[in-house]
Engineer: 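My structure is below; once you've seen it, I'll send some questions.
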Amino acid sequence: MNLRSRGKAEARFAAYVEGLSSVLGHADRIGPLRDYCTGLILPGERKSVEPMAAKTAPARTAAQHQSLLHFVGVASWSDERVLAKVREMVLPAMTRQEPIEAWIIDDTAFPKQGTHSVGVQHQYCGQLGKEANCQVAVSLSIANHCASLPVAYRLYLPKDWVEDGPRRDKAGVPSGISFKTKPEIALEQVRGACEAGLPRGVVLMDAAYGTDSRLRTGMTALGVTYVVGIQPKILLWPSSTGPKRKGKPLNNTGRRDEPDLISAKQLARSLPKRAWRTIRWREGSADWLSSRFARVRVRVGHSQLIPELLSTEWLLIEWPEGEAAPTKYWLSTLPANISFRQLVDFAKLRWRIERDYQELKQEVGLGHYEGRGWRGFHHHATMCIAAYGFLISERETIPPSRPRSTTIFPTSVLPEGYRPRGSSLAA
């Protein structure tokens, strides 16, 4: 990056920070906001407070350390207002090539060694692929094929934490925070997005969320369509308007106590060969990605709904060539006339959040916060999302021939012998 283009990037960053500062509440927070975001964008292995202080103010690292600590861990600015401002400023760049197409529900985990960081519990950790001591945050992101941006982000607080008053107080958990399951947090975030008037998208979720019938029913009540992963054991029956199972349509009420309900896996195996099609959905690094799919109109067995309230939706099944059994299943309330390829495209668009969460963690240090409190955990995540939002906007200014990793700011020279403390697994 030459000096002229760097100067333009710095001017855009200054304007971006000025926009964010308008919702912070106090003028003395503008400097720490600018420095915190700068520290997150600068290259470096650690994006915790101490190394960011050394990079943004090498001549007065101790004072800068205290300033950034106070800003992220103590200052009472609103995460919701900052995230709304980020969304407002980033959306025009994000939708320059295509509109928002999806709302993606996901969660992300942060391994921890100790037991004092807010929300830490032995639970499933996606980063490690097993149960471990970690924190888990649930998020809602708006997305298209070009990018995704988190618009809601909240730590999952296990029931043991909710019921432990002294531990809550020590971690600064607000008194109004009660126990909510991850699907309940997700539905709350979707409801908030609807109330905020965000550009509508199809809600995408993996099977950890999609299998929850109350979450699916709640989204339908909000008028939101979805494509959600499910487990193969979910019970359903094919609609008489869709493909027939072994040539025989089932005329059933759809209740779980009906004898003719079958699992999604059973239905997939019973489909005739002509039901399966090879469909490609996007271009990969080497070639187009493709697989073999079938789709069926179904009703899902539900013990808490009367038959008249059960609606027909799509069951999408993926069974790659060479596999012994189907590998993935989705339910979708997208219209009956949607094309097969569009349905597959929506189901596969969830890859966007996996890639962008990887960048949030690796590029802007989402998992590097070393404090233990509720406020600091969420403030750090909000600043990471703000920094990431600026990078999304900047991608629109980089010509295709230029590397995406172009450094926006010059890196300050660190004091000789400087070694930051901290670990990604710090409690």
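Numbers for residues simply follow the sequence, beginning at 1. Note that the structure is a prediction, hence the values are computed from the model and not measured.
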Engineer: Would you indicate whether the side-chain heavy atoms of Lys47 and Leu42 approach each other to under 4.5 Å?
Structural biologist: no
Engineer: Using a 4.5 Å cut-off on heavy atoms from C-beta on, say whether the side chain of His145 contacts that of Leu349.
Structural biologist: yes
Engineer: I want to check something: taking the side chain as every heavy atom from C-beta on, are Ser393 and Arg12 in contact at a cut-off of under 4.5 Å?
Structural biologist: no
Engineer: Strictly distance-based, threshold 3.5 Å: is any side-chain N or O of Glu363 a donor or acceptor partner for the main-chain N or O of Leu360?
Structural biologist: no
Engineer: When you compare the side chain of Val228 with that of Leu204, does any pair of heavy atoms fall below 4.5 Å?
Structural biologist: no
Engineer: Considering only NZ, NE, NH1 and NH2 on the basic side and carboxylate oxygens on the acidic side, decide whether Glu188 and Lys180 come within less than 4.0 Å.
Structural biologist: yes
Engineer: Does any N or O in the side chain of Gln64 come within less than 3.5 Å of the main-chain N or O of Pro32, such that one atom is a donor and the other an acceptor?
Structural biologist: no
Engineer: Parallel, tilted or perpendicular for Trp276 and Trp319, by the 30°/60° rule?
Structural biologist: perpendicular
Engineer: If only atom types and distance count, is the side chain of Arg280 paired as donor or acceptor with the main-chain N or O of Trp288 below 3.5 Å?
Structural biologist: no
Engineer: Of all the heavy-atom pairs spanning Ser141 and Pro150, show the shortest one and how long it is.
Structural biologist: OG-CA, 3.4 Å
Engineer: Do the side-chain N and O atoms of Thr382 and Asp79 include a donor-acceptor pair separated by under 3.5 angstrom?
Structural biologist: yes
Engineer: Looking only at side-chain N and O atoms, does Ser117 offer a donor or acceptor that is under 3.5 Å from a partner on Gln135?
Structural biologist: no
Engineer: Does the pair Leu271 and Ile317 meet the rule for a side chain to side chain contact (heavy atoms under 4.5 Å, CB included), with working shown?
Structural biologist: CA-CA 11 Å; Leu271 292 174; Ile317 311 153; 3.9 Å; yes
Engineer: Determine whether a donor-acceptor pair (N or O, by modelled atom type, separation under 3.5 Å) exists between the side chain of Gln123 and the backbone of Asn133.
Structural biologist: no
Engineer: Do Thr95 side-chain atoms and Glu98 backbone N/O form a donor-acceptor pair below 3.5 Å?
Structural biologist: no
Engineer: Using the rule given for side chain to side chain contact (heavy atoms under 4.5 Å, CB included), can you reason through Ile142 versus Met94, listing the C-alpha separation, both sets of side-chain angles and the distance that settles it, and then say yes or no?
Structural biologist: CA-CA 10 Å; Ile142 54 176; Met94 220 180 136; 4.3 Å; yes
Engineer: Is there a side-chain contact between Leu68 and Glu50 (heavy atoms, below 4.5 Å)?
Structural biologist: no
Engineer: Look at the rings of Trp330 and Phe293 and say which category their plane angle falls in: under 30° parallel, 30 to 60° tilted, over 60° perpendicular.
Structural biologist: tilted
Engineer: Can you tell me how far CZ of Phe110 sits from CG of Leu155, rounded to the nearest 0.5 angstrom?
Structural biologist: 9.0 Å
Engineer: Taking all atoms of both residues into account, what is the closest heavy-atom pair of Ile100 and Pro199, and its distance?
Structural biologist: CG2-O, 3.9 Å
Engineer: Verify salt bridge (charged side-chain N to carboxylate O under 4.0 Å, His left out) between Glu359 and Arg352, making sure each step is shown before the conclusion.
Structural biologist: CA-CA 11 Å; Glu359 291 188 357; Arg352 182 79 255 178; 5.5 Å; no
Engineer: Which residue in the set Leu343, Val203, Ile338 passes side chain to side chain contact (heavy atoms under 4.5 Å, CB included) when paired with Ser332?
Structural biologist: Leu343
Engineer: Can a side-chain donor-acceptor contact be found between Tyr357 and Ser139 if the only test is distance below 3.5 angstrom?
Structural biologist: yes
Engineer: Answer yes when Glu370 and Arg46 have at least one side-chain N-carboxylate O distance shorter than 4.0 Å, and no when they do not.
Structural biologist: yes
Engineer: Charged N to carboxylate O below 4.0 Å: is that the case for Glu318 and Lys348?
Structural biologist: yes
Engineer: If you compare all heavy atoms of Val90 against all heavy atoms of Phe390, which two are closest, and at what distance to 0.1 Å?
Structural biologist: CG2-N, 4.5 Å
Engineer: Going from CG on Asp35 to CE on Met52, what distance comes out if it is rounded to the nearest 0.5 angstrom?
Structural biologist: 9.5 Å
Engineer: Answer whether the closest heavy-atom distance between the side chains of Ile279 and Ser290 falls below 4.5 Å.
Structural biologist: no
Engineer: Quick one: does Arg375's side chain have a donor or acceptor within less than 3.5 Å of a partner on Val74's backbone?
Structural biologist: yes
Engineer: Give, for atom OG1 of Thr61 and atom NZ of Lys55, the distance between the pair rounded to the nearest 0.5 Å.
Structural biologist: 12.0 Å
Engineer: In Å, rounded to the nearest 0.5 Å, how long is the span from NE2 of His368 to OG of Ser48?
Structural biologist: 7.5 Å
Engineer: Any side-chain heavy-atom pair from Val151 and Leu83 closer than 4.5 angstrom?
Structural biologist: no
Engineer: Applying side chain to side chain contact (heavy atoms under 4.5 Å, CB included), run through Leu215 and Val190 and close with a yes or a no.
Structural biologist: CA-CA 10 Å; Leu215 176 54; Val190 171; 5.8 Å; no
Engineer: Starting from the C-alpha separation in whole Å, work towards a yes-or-no answer on side chain to side chain contact (heavy atoms under 4.5 Å, CB included) for His122 and Glu131.
Structural biologist: CA-CA 6 Å; His122 193 78; Glu131 288 200 355; 3.7 Å; yes
Engineer: Considering non-hydrogen atoms only, spot the tightest contact between Ala109 and Gly126 and give its length.
Structural biologist: CB-N, 3.9 Å
Engineer: Do Ile262 and Leu235 make a side-chain contact, defined as non-hydrogen atoms from C-beta onward lying under 4.5 Å apart?
Structural biologist: no
Engineer: Testing the 3.5 Å rule here: is there a donor-acceptor pair between the side chains of Glu313 and Tyr226?
Structural biologist: yes
Engineer: Say you draw a straight line from OG1 of Thr211 to CD of Gln231; how long is it, rounded to the nearest 0.5 Å?
Structural biologist: 4.5 Å
Engineer: Atom CD of residue position Glu45 - does it have more than 12 heavy atoms of other residues, nucleotides or ligands inside 6.0 Å?
Structural biologist: no
Engineer: Using 30° and 60° as the class boundaries, would you call the ring planes of Phe71 and Tyr36 parallel, tilted or perpendicular?
Structural biologist: tilted
Engineer: List the atom of Gly210, the atom of Arg216, and the distance in Å for their closest heavy-atom pair.
Structural biologist: O-NH1, 2.8 Å
Engineer: Under a 3.5 Å cutoff, is there a donor and acceptor pairing between the side chains of Lys361 and Thr108?
Structural biologist: yes
Engineer: Checking Asp356 side chain against Ser148 main chain: does a donor-acceptor pair fall under 3.5 Å?
Structural biologist: yes
Engineer: Is there a donor-acceptor pair closer than 3.5 Å between any side-chain N or O of Arg299 and the backbone N or O of Leu236?
Structural biologist: no
Engineer: Keeping the roles fixed (side chain from Lys265, backbone from Pro232), state whether a donor-acceptor pair exists under 3.5 Å.
Structural biologist: no
Engineer: Compute the ring centroids of Phe377 and Tyr369, then answer whether they are less than 6.0 Å apart.
Structural biologist: no
Engineer: Does NZ or CZ of Arg168 fall inside the cone over Trp161's six-membered ring, less than 6.0 Å from its centre and within 45° of the axis?
Structural biologist: no
Engineer: Side chains of Asp107 and Tyr209: is there a donor and an acceptor less than 3.5 Å apart?
Structural biologist: yes
Engineer: Give a yes or no on whether the backbone of Ala54 and the side-chain of His65 come within a donor-acceptor separation of less than 3.5 Å.
Structural biologist: no
Engineer: Determine whether Glu323 and Lys328 satisfy the following criterion, salt bridge (charged side-chain N to carboxylate O under 4.0 Å, His left out), listing intermediate values before the conclusion.
Structural biologist: CA-CA 11 Å; Glu323 292 290 339; Lys328 292 182 180 178; over 6 Å; no
Engineer: Drop me the distance from Met205's CE to Leu331's CG, to the nearest 0.5 angstrom.
Structural biologist: 10.0 Å
Engineer: With a 6.0 Å cut-off on ring centres, are His26 and Trp77 close enough?
Structural biologist: no
Engineer: Should the heavy atoms of other residues, nucleotides or ligands under 6.0 Å from CD of Glu18 be counted, would the total exceed 12?
Structural biologist: no
Engineer: Which heavy atom in Thr56 sits nearest to a heavy atom in Pro58, and how many Å separate them?
Structural biologist: C-CD, 3.7 Å
Engineer: Would you call Glu354 and Arg350 a salt bridge, using N to O less than 4.0 angstrom?
Structural biologist: yes
